[in-house]
Amino acid sequence: MARNSERVRRIIRFIEQLTVPSGKGEGGPFRLRPFQKRFIRDIYGPVNKDGCRVVRRAILSEARKNGKSATIAALALAHLIGPEAIKNGEIYSAATEREQAALVFKYARQIVQADPELSSMIRIVDSTKTMLCYANGSTYKAISAEAGSKYGYNPTVVIYDELAQARNRDLYDALDSSMGARLEPLMIVISTQSNDPQHTLSQLIDDGLSGNDPTTVCHLYEIPEDADVFDEKHWKLANPALGDFRSLEEMRTAAKRAKRMPSFEAAFRNLYCNQRVDAQSPLIAAQEWEACKGAAVIEPGAEMYLALDLSGKTDLTAIVGITKADPSNVRAWFFKPDETLHEHETRDRVPYALWKQQGFIETTPGRAIQYDWVAARLAKISTEYNVAGIAFDRYRIDDLLKAMGDIGLDAYVEGKDKPRSGAVRMVPWGQGFKDMTVAVEALEIAVIDRKLVHDGNPALRWNISNALAVSDPAGNRKLDKSKTRFRIDGAVALAMALGLKSRDMAQEAGPSVYETRGLMVI
């Protein structure tokens, strides 16, 4: 593919003659950093045989305060009045909300107002967030989803700011589909990541990183999920301007707060580390979970509690076991259909194939979970350990019980069937507040008091990091799968196993001395 280096140089030269509108270097000339020049080079350098720009879509995703908005404002001016300007061009900066849409415009206005020559050539209408270039008739306008339909526009360049905040893709699709009449249309998306793997931004990033489309460029700066976000050596992965115009001290302050107050950790991971996580805090903070990592050895014949979360037939199924003795040593088994493994890797952005290779998950043939495989695994566990009980979510349990019967694994359902010697005890565990409050509290206490030891299973760690708890007015809690699109099956199973153990141990301890004497404590 041919490259037009002169075109890139003209754009960089134009931007570096502009005035920094605010922040470090305010009032001085722009000095683009290497990572900023690389983004410009990758957009405007590749050309086709006719000399036209190849790239039609560019995504820049990095942590906040790394200069995204000011740099893109300068690029907008390059298309309005600079080397990329054309006659009657239309440039738009768009966002879900009016204030966000106006942010890039604000930087562009400040740049123009700081330069007498530009001010004499551009008319600024603040009331409509519009700029008009007298020389070529081109306009630049800030628009938002709040303003209604955008199908009447014919943009040459669209800058979509913080696409992760979009509640739907209507505005994006309207603008993207309206660019077909232009010779060299360009959509630039700048945003921190969305936690939703099905969000428009996530799909654009995943597609851009795949390298399958030469018309799309994606520069993603993020700290990997398996890296320690509190280790300073990783911070620059998401913050290319760190230590320059991105304050290192402010980053340190935010990290200390997130480590000290777990409720801030999720926001720190998303806004400062650009990880694809929800802004809500997980039930178990990452550092708390990592502090419980150890050998987690479970000797043959040890007494264990198990729990099952069967999930959907095409998704992740989890069995989690814990020892009855304290601390609770943890062992997890995960299952996925083999034919969906690579497809779901892209969707969930986790290395299922690697986890399979490493033995952390098992796959069953086809595109749906084969419950006879899960039943066979339960049978094997039952021969290796002394299973005190298996807590289960009722979802699809009839399919599994049938599979267990087909292979001769005898089981009875507590509260429904009469207990049988040698049969596996199956304990129904509701997913509402009544049953899950005990389970959530047992999980939380086991982690905080370091009465739980796990072996670092990455699939279980991922599930734990996604688990969010919701409360009812009485303060009861449960894990809510609807609050995250990421998998939490292993977290649910672990909570149920700990909840069953806690309930059994309380029953074994018997009534308190006050209850036996008929006393009431006030």
Side-chain angles (χ1 to χ4, degrees), residues 6-44 58 60 62-86 89-95 99-143 156-162 186 188 190 219 239-248 250:
E6 179 55 33
R7 183 176 190 174
V8 172
R9 281 194 290 270
R10 287 198 302 267
I11 296 170
I12 292 174
R13 189 162 53 242
F14 170 81
I15 292 175
E16 293 194 328
Q17 291 175 345
L18 301 176
T19 301
V20 176
S22 59
K24 185 176 180 179
E26 180 178 353
F30 260 88
R31 288 294 177 261
L32 293 171
R33 276 46 172 187
F35 74 94
Q36 295 169 322
K37 291 180 180 179
R38 186 166 57 250
F39 187 60
I40 294 171
R41 190 179 304 116
D42 287 351
I43 297 173
Y44 298 93
L60 175 61
E62 57 191 12
R64 63 197 297 256
K65 299 186 180 180
N66 280 275
K68 294 190 298 290
S69 297
T71 303
I72 301 305
L75 267 181
L77 292 176
H79 283 271
L80 178 67
I81 197 171
E84 289 295 302
I86 63 172
E90 295 181 24
I91 303 102
Y92 298 98
S93 58
E99 291 79 5
Q100 189 67 45
L103 186 59
V104 173
F105 179 86
K106 180 190 78 171
Y107 283 118
R109 183 195 64 210
Q110 290 173 346
I111 293 171
V112 171
Q113 291 174 336
D115 188 312
E117 184 178 0
L118 289 180
S119 295
S120 68
M121 301 172 67
I122 296 174
R123 180 190 175 196
I124 300 174
V125 184
D126 268 329
S127 60
T128 58
K129 298 293 184 289
T130 303
M131 294 185 190
L132 171 66
C133 178
Y134 297 122
N136 56 37
S138 292
T139 58
Y140 167 42
K141 183 178 178 67
I143 58 176
T156 47
V157 177
V158 172
I159 298 160
Y160 206 123
D161 195 8
E162 291 302 337
L186 179 62
I188 302 176
I190 57 174
H219 284 204
N239 297 271
L242 189 67
D244 186 357
F245 55 81
R246 174 58 176 105
S247 170
L248 176 59
E250 195 269 342

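FYI, the numbering just counts along the sequence from 1. Because the structure is predicted, anything quoted here is derived from the model rather than measured.
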Partners of [X] by side-chain hydrogen bond (donor to acceptor under 3.5 Å, both in side chains), sequence neighbours excluded?
| X | value |
| --- | --- |
| Tyr44 | His79 |
| Ser138 | Asn136 |
| Lys129 | none |
| Gln110 | none |

Side-chain heavy-atom pair [X], [Y] within 4.5 angstrom cut-off:
| X | Y | value |
| --- | --- | --- |
| Lys37 | Glu16 | yes |
| Leu77 | Phe14 | yes |
| Leu75 | Ile11 | yes |
| Ile188 | Leu60 | no |
| Ile40 | Ile12 | yes |

Hey, what do you get for [atom1] ([X]) to [atom2] ([Y]), rounding to the nearest 0.5 Å?
| X | Y | atom1 | atom2 | value |
| --- | --- | --- | --- | --- |
| Ile72 | Asp161 | CD1 | CG | 9.0 Å |
| Leu32 | Ile15 | CG | CD1 | 5.0 Å |
| Leu80 | Met131 | CG | CE | 7.5 Å |
| Leu118 | Ile124 | CG | CD1 | 9.5 Å |
| Ile143 | Thr128 | CD1 | OG1 | 12.5 Å |
| Arg33 | Thr71 | CZ | OG1 | 9.0 Å |

Could you list all the salt bridge (charged side-chain N to carboxylate O under 4.0 Å, His left out) pairs where at least one residue sits in residues 68-85, not counting sequence neighbours?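 As it turns out, the salt bridge (charged side-chain N to carboxylate O under 4.0 Å, His left out) pairs with a partner in residues 68-85, which skip direct neighbours, are Arg7-Glu84.
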[X] versus [Y], closest heavy-atom pair with distance:
| X | Y | result |
| --- | --- | --- |
| Ile91 | Ala76 | CG2-CB, 4.2 Å |
| Ala74 | Phe30 | CB-CZ, 4.3 Å |
| Phe35 | Phe245 | CZ-CZ, 4.2 Å |
| Val20 | Pro29 | CG2-O, 3.6 Å |
| Ala142 | Ala101 | CB-O, 3.4 Å |
| Arg64 | Asn239 | O-OD1, 4.0 Å |

Determine which pairs satisfy side chain to side chain donor-acceptor pair (under 3.5 Å) with at least one residue from residues 113-126, sequence neighbours left out, and list them in order.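 Qualifying pairs, neighbours excluded: Arg109-Asp126.
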Counting only N and O atoms by type, is there a donor-acceptor contact under 3.5 Å from the side chain of Thr19 to the main-chain atoms of Ile111?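 It does not hold such a pair.
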Would Arg13 and Glu6 count as a salt bridge (charged side-chain N to carboxylate O under 4.0 Å, His left out) here? Give the steps. CA-CA 10 Å; Arg13 189 162 53 242; Glu6 179 55 33; 3.6 Å; yes
For the pair His219 and Phe39, name the ring-plane relationship: parallel under 30°, tilted 30 to 60°, perpendicular over 60°.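 Perpendicular, since the angle between the ring planes exceeds 60°.
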